Amino acid sequence: MTSSPPPDGSLDPDPVTRLVLDEATDVLPGGWEGAEVLVVDDVDAALTRGVLAGGGRPLAWVDDLREARVCEAAGARLLDPEDGTPLPVVAVLGRLSPAVAAVEDLAERLAAVVPEGVRVVLGGRVKHMTLAQNEALARSFGTVSASRGRQKSRVLHASDPRAGTPHWPRTTVLDEPALGAPLTLRSRGAVFAGGRLDAGTRLLVQALDAGPVADGGDALDLGSGSGVLAVWLARRGLRTRAVDVSAAAVTSTRLAAEADRVAVEVSWADGLEDVADGSLDLVVSNPPFHVGAAKDSTPTLEMIDDLARVLRPGGASWLVWNAHLPYLPRLRSAVGPTEVVRRDRSYLVTRSVLR
Ligand SMILES: C[S@@+](CC[C@H](N)C(=O)[O-])C[C@H]1O[C@@H](n2cnc3c(N)ncnc32)[C@H](O)[C@@H]1O
C-alpha cells in the first residue's frame, strides 16, 4: 500500500478519503484515466476531485441533496440510484455507512448494475466499522476483504458482484392504535428508524391523534424519513406534501404512500427551500438532530426560523423533540404562541401557531 499526497494537490484533511484513493490506486494499477468511476456518498466531493485528478469521469450516487450539489459542482455527474441502468464503471469509491442496513441496501443495488470486473473500495473510520458491514457486502459480492488500518481509517474491498433478489426496500407493517389502520412501510436501508416507529414519532402521532388538527387544508411532513407522518396526514384528508434531504427517505415516503393508496407529493429538498410563502396550514416534523454522525441542532433551528414564512396565519407547526434541545424559546420567537401538548421521559411535542 502506498501513501500518496492528496490527488488534487490541495490539503485534504480527511484520512478516509485519502485511504480510499490510495487503496483504489493499488487495486487498479492502470488507474482510471478515461474511465467512468462511481463515487458513493462522497460527503465533501474529495473523491470526485480524486477521480478527476486521475483523468477519470466521476458519476455519483449521493443520498444527501446538499452533498449531491457539492459533488455536482466539483464535476460529478449525478445519477439516480433508483434507475437500475447498468453502469460501465471500473471502480466504485465511497464512504461506508455505519448503518449495516444501508451497506446491505447499497451492496444489493451496486451488484445489480456494475460490471463483473469492478473494484469496490469503501472507507470509514475504524470506530464506526464492524464485521457486520463486511457480511452485508458479502451478501452481494463474492470477495470482500479489509485493508490494514491507517490514521484510524480502514477500507473494505469488494469484487465479483452477485446480483440476487433484492431485500430492500424492506416491508414492515406498523400496527399502533394512534395510526388507526395498520400502516405499511417500504423503507430503504439508509432511512431513519429503519422502518420502525421511532419513539418520538409515536408520541407526535398520539398528540396529533388527540388534536386539534383540521381535517382539510395543506400539510407538510418536514423530514419525512420512512413516510409514516405523511401517510398519517394524508389519511386524515389533508393535501399532503413531504420533503426530505435524503434520497432514500424520498423513495421510502413515496413507497409508503403508494402502499397506503394515499396521495403525497414528495420532494428531495433541503428544509423548506421548495415551499412557497404562506402555503401551509400545518407542518409536522420529527426534525433531524444529527448532521452526519455528529449531533447538531443548528439545521433544525434554521428550519424553525423558516416556518413562519411557509405557514398561513393561524397555521400550526407540531414538532417532537428531545426535551434537552433549545427549541422552545426559538419556536415562540420565530413562529408564535407555543404550547407543550404532550411529553414523556425523553420527548416533548409542541404546537406553535403562527401569530
Ligand atoms: C428524525 S428523522 C424523522 C423521520 C420521519 N419523519 C419519522 O418520524 O420517522 C429526521 C428526518 O429529517 C431528514 N432531514 C435532515 N436534514 C434535513 C433537511 N435539511 N431538510 C429536509 N430533511 C432533512 C432526515 O433525512 C430524516 O429523514
Side-chain angles (χ1 to χ4, degrees), residues 41 43 62-70 97 99 101-102 105 169-170 172 174 176 178-179 183-209 219-234 240-257 260 264-275 280 282-307 309-310 317-323 325 327 342 346-349:
D41 290 338
V43 288
V62 189
D63 186 63
D64 186 305
L65 178 61
R66 295 160 294 193
E67 294 165 8
R69 287 173 174 156
V70 174
S97 168
D105 187 356
R170 181 161 286 172
T172 48
L174 304 179
E176 299 264 342
L179 292 171
L183 194 157
T184 299
L185 298 179
R186 301 208 56 228
S187 306
R188 282 265 164 230
V191 87
F192 171 80
R196 290 174 296 104
L197 186 61
D198 170 67
T201 307
R202 177 183 293 111
L203 197 70
L204 177 55
V205 169
Q206 288 167 346
L208 288 163
D209 195 43
L220 174 75
D221 176 1
L222 174 57
S224 60
S226 60
V228 59
L229 292 169
V231 170
W232 188 92
L233 294 169
T240 303
R241 292 186 61 179
V243 300
D244 205 293
V245 79
S246 151
V250 167
T251 300
S252 305
T253 299
R254 281 200 182 115
L255 293 174
D260 213 67
V264 177
E265 188 192 323
V266 192
S267 341
W268 193 28
D270 180 7
L272 296 164
E273 64 179 354
D274 278 358
V275 182
L280 296 171
L282 176 63
V283 177
V284 305
S285 187
N286 178 353
F289 44 89
H290 282 97
V291 176
K295 291 193 175 172
D296 185 355
S297 46
T298 317
T300 297
L301 289 169
E302 286 168 7
M303 284 185 207
I304 289 173
D305 288 344
D306 209 15
L307 280 170
R309 181 183 65 76
V310 298
S317 164
W318 295 64
L319 261 55
V320 62
W321 38 280
N322 215 299
L325 291 166
Y327 298 159
R342 195 164 280 238
S346 310
Y347 299 102
L348 299 178
V349 176

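Order of appearance sets the numbers: ligands from 1, and atoms from 1 within every ligand. The structure presented is a predicted model; accordingly, all values stated were derived computationally and were not measured.
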* pair Leu220-Val284: side-chain heavy atoms closer than 4.5 Å -> no
* Could you tell me which atoms of ligand 1, counted from 1 in the order shown, lie closer than 4.0 angstrom to a heavy atom of Gly225? => 4 (C), 5 (C), 27 (O)
* **Pick from Val245, Val320, Asp270: the one approaching atom 17 (C) of ligand 1 most closely through a non-hydrogen atom** => Val245
* To do: Would you mind listing which atoms of ligand 1 come within a distance below 4.0 Å of any non-hydrogen atom of Ser246?
  => 25 (O)
* Straight-line distance of Ser252 OG to Asp244 CG, nearest 0.5 Å -> 9.0 Å
* Asked: Asp198 to ligand 1: N or O pair under 3.5 Å?
  -> no
* With rounding to the nearest 0.5 Å, note down the distance linking CZ in Arg196 to OG1 in Thr172. => 9.5 Å
* Distance filter under 4.0 Å to Ala269 heavy atoms, resulting ligand 1 atoms -> 20 (N), 21 (C)
* Side chains of Asp63 and Ser246, donor plus acceptor under 3.5 Å -> yes
* Asked: Does any N/O atom on Ser226 come nearer than 3.5 Å to any N/O atom on ligand 1?
  -> no
* To do: Grab the two heavy atoms, one from Ala242 and one from Thr253, that are nearest each other, plus how far apart they are.
  => CB-CG2, 3.8 Å
* Before signing off on this row, confirm whether Pro287 and ligand 1 have an N or O atom pair separated by under 3.5 Å. => no
* Give the contacting part of Ser285 toward ligand 1: side chain, backbone, both or neither, where contact means a heavy-atom distance below 4.0 Å. => neither
* Structural part of Pro299 in contact with ligand 1, heavy atom criterion under 4.0 angstrom -> neither
* **Distance-minimising heavy-atom pair for Leu65 and Asp270** => CD2-N, 3.9 Å
* To do: Answer yes or no: is there a side-chain heavy-atom contact under 4.5 Å between Arg66 and Val245?
  => yes
* Met303 neighbourhood, listing ligand 1 atoms whose heavy-atom distance to it stays under 4.0 Å -> 17 (C), 18 (C), 19 (N), 20 (N)
* How would you list, by chain and number, every residue that makes a side chain to side chain donor-acceptor pair (under 3.5 Å) with Asp305, sequence neighbours excluded? -> Arg330
* How long is the gap from CD1 on Ile304 to OG on Ser297, to the nearest 0.5 Å? -> 9.0 Å
* Does some non-hydrogen atom of Ala193 fall short of 4.0 Å from ligand 1? -> no
* To do: Run the numbers for me: atoms of ligand 1, each under 4.0 Å from some heavy atom of Thr201, listed by number.
  => 7 (C), 8 (O), 9 (O)
* Of all the atoms in ligand 1, which lie at a distance below 4.0 Å from a heavy atom belonging to Gly223? -> 3 (C), 4 (C), 5 (C), 6 (N), 11 (C), 12 (O), 13 (C), 22 (N)
* Residue Gly271 vicinity, atoms of ligand 1 by number, heavy atom under 4.0 Å -> 18 (C), 19 (N), 20 (N), 21 (C)
